[in-house]
Amino acid sequence: MKSIAELEAIKKKVLDSVNLRKEREEGVRVVVGMATCGIAAGARPVMTAFLEEANKRNLSNVVIEQTGCIGMCALEPIVEVYVPGKEKVTYVKMTAEKVAKIVSDHIVNGAPVIEYTVGAQK
Amino acid sequence: MSLYRAHVLICGGTGCTSSGGAKLIDEFEAQLKDAGLENEVKVVKTGCFGLCALGPVVVVYPEGAFYSRVQKEDVKEIVTEHLLKGRIVKRLVYDETLEEGKDTIKSLNEVDFYKKQMRIALRNCGVINPENVEEYIAFDGYKALATAITEMTPQEVIETIKASGLRGRGGGGFPTGLKWEFASKSVNEQKYVCCNADEGDPGAFMDRSILEGDPHSVLEAMAIAGYAIGANQGYIYIRAEYPIAVQRLQIAIDQAKEYGLLGENIFGTDFSFDIGLRLGAGAFVCGEETALMTSIEGHRGEPRPRPPFPAVKGLWGKPTILNNVETYANIPVIINNGAEWFTKIGTEKSKGTKVFALGGKINNTGLVEIPMGTTLREIVEEIGGGVPNGKAFKAAQTGGPSGGCIPASLMDTPIDYDSLISIGSMMGSGGLIVMDEDNCMVDIAKFFLEFTVDESCGKCTPCRIGTKRLLEILEKITKGNGTLEDLDRLELLCNSIKSASLCGLGQTAPNPVLSTLRYFRDEYVAHVVDKKCPAGVCKDLTSYFIVEDKCKGCSACARKCPVGAISGEIKSPFTIDQSKCIKCGACVATCKFNAIIKK
C-alpha cells in the first residue's frame with residue numbers, strides 16, 4: 001500500500017458488495033413476488049435480470065428482495081419498487097425484457113414506466 | 001466483484017463452531033447450488049454475534065433475519081423458503097425479533113439483548129468476513145492508520161489517545177495514552193509494541209471473539225501504537241488454546257503484509273512495522289505483563305518486580321508497551337471519530353464501552369458491549385434476559401479470579417473501573433458470571449482459589465504458599481470443620497497475600513474470598529456454626545431426605561440409587577440410609593412427586 005488513494009480505491013470497490021449488511025434507511029427497494037404463483041409465472045428470470053442490470057450499472061443503492069404472494073396471482077410476476085419518499089410503484093406481468101427499462105427510467109432517473117404498471121392494465 | 005442480492009452470514013466464532021456452525025457453511029453452499037442460487041446469494045463466515053446461547057447463529061441480509069440454533073437439517077428449509085421464495089422461516093428466527101400477527105421481523109437493534117448495547121470494539125464482529133482484508137477496509141479499516149501516519153505527528157496520536165480517556169481493558173484500567181507517552185519518551189533505537197491476548201480468566205472470551213471476528217482492528221491499532229512510540233516491531237502473545245483466533249490472526253497478518261499495510265514504508269512514508277505471533281502454553285500468570293514478556297523472550301513465564309516498568313525496560317530490556325486486545329480494538333475508532341466523540345460515551349472517569357462475557361445462571365449467555373456506567377441490573381435483567389427457571393439472582397462475579405462478587409443489593413451500581421473497585425470487585429478483563437440461589441458463595445470462593453493455587457507460578461512465597469493455606473481453610477469450612485476463628489484467620493491471611501505478593505496474580509487472588517466474606521458472611525457463619533450449607537452445594541453439610549407424606553412408595557429412586565442407599569416397601573414411604581448415601585442427587589431427579597429434599 002503506497003498511498004491513501006489506493007486504500008480508498010479498495011474501499012470503494014468492496015463497499016458495494018457489503019452495503020447490504022449495513023442498517024440503512026435510504027435506497028431503493030425492488031421487491032419481487034416469489035410465491036408459487038410468481039415463480040410459476042416466471043418471477044425468477046425477472047429477479048435475476050434485476051440483479052444483472054444492477055450489477056452492470058454498478059448500482060450500490062438498490063436492494064433486491066423477495067416477498068410472498070402479493071395477491072393478484074393473475075397478474076404475476078409482480079414487482080414492487082419502493083423509492084424513499086415516493087409512493088410504491090407496482091409493475092405487473094413482468095418479463096426479463098422489461099427490466100432494463102424500469103432500471104434505467106425509474107430507478108436511475110426517477111420516472112416510473114407507467115405502461116408496465118398495474119394501473120395501465122385492462 | 002459482482003453484486004449479490006442476499007448475504008448469508010454464518011457465525012464462525014468458537015461458540016457457534018462448537019455448537020455445529022462449521023457444518024452449516026458447506027451445507028448452505030451445497031443447498032444454494034442445488035437451488036441454482038449460488039450466483040445470487042453469498043455465504044460469508046463472520047465473527048461472533050454475541051448471542052452464543054442461541055448458536056449456531058445465521059443472519060440473512062438484506063432482511064436482517066436472525067436465525068438461531070440452526071442445525072444442518074434446517075438449511076434446506078431456509079434456502080428453499082427464505083432465499084428462493086422470500087418467506088422468512090419463522091420457526092427458526094430468534095423469537096424476540098418476531099412481531100405478533102405480522103409477517104415482518106423487528107430489527108435486531110430493537111431486541112432487548114442488543115438495544116442497550118453499543119458496539120465499538122465489536123463493531124465488525126458478525127458483520128465482516130475476518131479472513132478478508134478488503135471487507136475490513138470497506139468498513140473504514142486501515143483508514144485510522146493512514147490518517148495517523150500521513151497527517152499526524154506521533155505526539156498528536158498520543159495526545160488524541162490521552163484526550164479520549166481510554167483506559168486499559170485488560171483489568172488494571174491504566175490510562176492507555178499515558179502508557180504510550182512514557183514509552184515514547186524513553187530514548188532507545190529499538191522499541192516494541194506487544195498485544196496481550198493471553199486471556200485466562202475462567203468465563204472470559206471477549207478477546208478471543210475480537211481476534212476471531214475482527215483481527216485487523218488489532219493489527220491496525222498496533223501499527224498506530226508503533227508509530228506513536230517509535231517502534232517497528234510488534235508481538236501478539238496469544239494462547240495456543242485459541243486455535244481459530246491464531247489461524248485468523250495469521251491470515252490477517254499475511255494479508256496485511258501482502259497489501260503493504262504492514263511491512264516497509266507503509267503508505268509511502270518512512271514508517272515500517274511488522275507483527276509476529278507468539279503462542280503461549282496457557283499459563284494464567286503469563287497474562288501479567290512482565291511474565292508475558294519473559295515468556296516471549298523464551299524463558300519460563302514468571303513475573304519480575306516493577307519498576308522498571310515495561311515502558312522503560314520491557315521486552316529484551318527495550319522500551320515496550322503492552323496493551324490488551326480490546327484496548328487496541330478501540331484505537332482505530334478513536335482516531336477516526338476523534339477523542340471528543342469517545343469522551344461523550346461512558347462515565348466521568350471511565351470513557352467508552354466495555355465488553356462483558358455473560359455466563360453462569362443467565363438466559364442470554366454471550367458477549368455484550370455496553371457503555372460504561374450501565375448498571376448491573378440492566379446487564380443481567382434486560383440484556384441478559386434474567387436468571388433462568390424463575391430462580392432469584394444472588395450475585396454476579398466480575399473480574400474472574402482477581403475480582404469479587406457483587407450482591408443483589410448493589411445491582412444498581414453503575415459499572416465502571418472505580419465503582420467496581422469501591423465495592424470490592426474489579427473490572428478485570430470482563431468476565432461476568434451470574435449466580436442464583438443455588439450457588440454457595442463459600443464454594444465459589446473455593447473454586448477461584450483452586451484456580452489460583454493451580455496457576456500460581458511459585459516464584460514468590462506469599463502467593464505460592466499463602467493461596468494454598470487459604471484454600472485449605474476454605475476446604476475445612478466446606479467440610480463442616482471450620483471455626484469462627486478461621487474466618488478471622490482467612491481475612492488476615494488475605495490481607496497479607498494482597499500486600500506481599502510480587503505480581504497482580506497474588507495481589508488479587510484473595511479478592512474472591514474477601515468479597516464473599518464481606519457480602520455473604522452469614523453463609524460462612526452458617527457453614528461454621530450451624531454446619532449447614534444454605535444453598536445445599538457443599539456435600540459434607542447436606543443430606544437428602546424423603547418426605548413421608550409425599551412419597552408414594554413407587555421405588556423409582558431406590559432403583560436409580562447407585563449405592564443402594566434407599567429402601568422400603570412398595571406403596572409405603574421409602575427411607576434413605578445416610579451412612580450409605582453419597583449425595584449424588586440422582587434420586588431427586590428421578591422422583592416424580594418432589595418427595596426428596598435436600599437439607
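Throughout, a chain's letter reflects where its sequence line sits, starting with A, and its residues are numbered from 1. Being a predicted model, the structure only gives us computed values, none of them experimental.
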*asked:* Within the supplied structure, the quantity of interest is the number of heavy atoms (other residues, nucleotides, ligands) at a distance under 6.0 Å from B:Glu151 CD; does it exceed 12?
replied: yes
_Surrounding NZ of B:Lys106 (heavy atoms of other residues, nucleotides or ligands, distance under 6.0 Å), is the total greater than 12?_
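Count over threshold, so yes.
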_Is A:Leu7 in contact with chain B via its backbone, its side chain, both, or neither, using a 4.5 Å heavy-atom distance?_
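Contact with chain B is through both the backbone and side chain of A:Leu7.
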Portion of [X] that has a non-hydrogen atom of chain A nearer than 4.5 angstrom:
X        : answer
B:Val44  : side chain
B:Glu81  : neither
B:Asn132 : neither
B:Leu83  : backbone

_As an exercise: rank B:Val127, B:Ile266, B:Thr147 by heavy-atom pairs under 4.5 Å with chain A and give me the winner._
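Between B:Val127, B:Ile266, B:Thr147, the count favours B:Val127.
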_Among B:Arg5, B:Arg87, B:Lys85, the one residue meeting side chain to side chain contact (heavy atoms under 4.5 Å, CB included) with A:Gln66_ = B:Arg5
_Nearest-0.5 Å distance that lies between atom OH in B:Tyr136 and atom CD1 in A:Ile10_ = 13.5 Å
*Once you round to the nearest 0.5 Å, how far does CD1 of A:Ile4 lie from CD1 of B:Ile149?*
8.0 Å
*Highest number of heavy-atom pairs under 4.5 Å with chain B: which of A:Lys12, A:Glu52, A:Met47, A:Glu8?*
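Counting heavy-atom pairs under 4.5 Å, the top option is A:Met47.
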*Which residue out of A:Thr36, A:Thr67, A:Val31 racks up the most heavy-atom pairs below 4.5 Å with chain B?*
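Answer, by heavy-atom pair count under 4.5 Å with chain B: A:Thr67.
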Return a table of donor-acceptor pairs under 3.5 angstrom between the side chains of residues 137-144 of chain B and protein atoms on other chains or two or more places apart.
unit_1: B:Asp140; atom_1: OD1; unit_2: A:Lys11; atom_2: NZ; d: 2.5
unit_1: B:Tyr142; atom_1: OH; unit_2: B:His216; atom_2: ND1; d: 2.8

*Using the test ring pair (Phe, Tyr, Trp, His ring centres under 6.0 Å), find all partners of B:Tyr227 that sit at least two apart in sequence or belong to another chain.*
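Counting only residues at least two positions away or on another chain, B:Tyr227 forms a ring pair (Phe, Tyr, Trp, His ring centres under 6.0 Å) with B:Phe271.
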*Exercise: identify the closest heavy-atom pair between A:Arg44 and B:Leu37*: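 For A:Arg44 and B:Leu37, the tightest heavy-atom pair comes out as NH2-CD2, 3.1 Å.
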